[in-house]
Amino acid sequence: MKNYTVRFRCRSHLEDDNTVNEEQYEMQIEADNLEEVFSRLDEQFENWDHGAVIPLNTPGGEMTVETVEILNPNGEVLY
């Protein structure tokens, strides 16, 4: 298993609020290869093929993934 780093920038919006926030996140994924990393991301994000949405724990709230970078254990960008 290798430890991959996934960096992504999201834009969040709450249904009852007109405020839009941009945030940057980073997560670690242990996987054997890049294909497995993508598989794990599919489990985390909804509608990956149409702009990847992360549901928030509020009525109508969601975060849209704007950009994604996947780095290998050496810090090299793979995607």
Roughly how far, to the nearest 0.5 Å, is the [atom2] atom of [Y] from the [atom1] atom of [X]?
| X | Y | atom1 | atom2 | answer |
| --- | --- | --- | --- | --- |
| Asp32 | Ser39 | CG | OG | 11.5 Å |
| Gln24 | Thr67 | CD | OG1 | 7.0 Å |
| Arg40 | Met27 | CZ | CE | 9.5 Å |
| Tyr4 | Leu41 | OH | CG | 12.0 Å |
| Lys2 | Glu36 | NZ | CD | 11.0 Å |
| Ile29 | Asn3 | CD1 | CG | 9.5 Å |

Problem set entry | Stepwise side chain to side chain contact (heavy atoms under 4.5 Å, CB included) test for Glu26 and Thr5 | CA-CA 7 Å; Glu26 186 173 294; Thr5 301; 3.5 Å; yes
For this session: Could you go through the side chain to side chain contact (heavy atoms under 4.5 Å, CB included) check for Ile70 and Phe38 one step at a time?
Result: CA-CA 9 Å; Ile70 300 173; Phe38 283 118; 3.7 Å; yes
Problem set entry | Salt-bridge present (Glu23, Arg9; N to O < 4.0 Å) |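 Looking at Glu23 and Arg9, the cut-off is not met.
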Problem set entry | Sidechain-backbone polar pair: Arg7 side chain, Leu71 backbone, donor-acceptor under 3.5 Å |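 Not at all, since once roles are kept as given, no pair shorter than 3.5 Å links the two residues.
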Exercise. Are the side chain of Glu76 and the backbone of Asn72 linked by a donor-acceptor contact shorter than 3.5 Å?
Worked result: no
